[in-house]
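I have placed the structure first, in the form of structure tokens, so that the comments after it can refer back to it.
Position 1 is the first residue of the sequence; numbering continues from there.
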Amino acid sequence: CFPPSLFIAGERDMMLSGTTILHRAFLRAGVDARLIVFEGLPHAFWYDPYLPESKEADGDMASFFEKELHLAGRHTQ
């Protein structure tokens with residue numbers, strides 16, 4: 001059994017196809033799996049802290065961990 005999982009990718013990510021396949025496999029296995037795809041961005045775009053999408057992805061990741069680790073209210077934007 002897998003824990004809840006979050007997949008984040010860019011639309012131009014060379015791993016996007018594999019990521020979507022893995023996401024669907026997790027869903028078929030009954031895992032609470034979420035996929036977020038950012039339009040027009042490459043693999044690991046969130047390493048560029050100046051992109052607005054990176055800040056959004058960071059917020060998505062923080063929210064995911066807050067919810068899944070029961071840390072509600074600790075994330076600040």
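Hydrophobic clustering (ILVMFWY, side-chain heavy atoms < 4.5 Å, transitive): Ile8 and Leu16 are in distinct clusters. Under the 4.5 Å side-chain heavy-atom criterion for grouping Ile, Leu, Val, Met, Phe, Trp and Tyr, Met14 is not connected to Leu51 through any hydrophobic cluster. Under the 4.5 Å side-chain heavy-atom criterion for grouping Ile, Leu, Val, Met, Phe, Trp and Tyr, Ile36 is connected to Phe64 within one hydrophobic cluster.
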Verdict with reasoning, Leu41 to Asp13, per side chain to side chain contact (heavy atoms under 4.5 Å, CB included) | CA-CA 7 Å; Leu41 293 171; Asp13 187 337; over 6 Å; no
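Applying the side chain to side chain donor-acceptor pair (under 3.5 Å) test to residues at least two apart or on different chains, none of the pairs has a partner in residues 46-57. For residues 7-45, the ring pair (Phe, Tyr, Trp, His ring centres under 6.0 Å) pairs, not counting sequence neighbours, are Phe2-Phe26, Phe7-His23, Phe7-Phe26, Phe38-Phe45. Sorted by first and then second residue, the salt bridge (Lys or Arg N to Asp or Glu O under 4.0 Å) pairs involving residues 15-42 (not counting sequence neighbours) are Asp32-Arg34, Arg34-Glu68.
Ser5 has its side chain within reach of Val31: a pair of non-hydrogen atoms, C-beta onward, lies under 4.5 Å apart.
Closest non-hydrogen pair, Val37 versus Gly10, comes out as CG1-C, 4.1 Å. Of all the heavy atoms in Ala33 and Leu27, the pair that sits closest is O-CD2, 3.5 Å.
Remark: the backbone N or O of Ser17 is paired with a side-chain donor or acceptor of Thr20 at under 3.5 angstrom.
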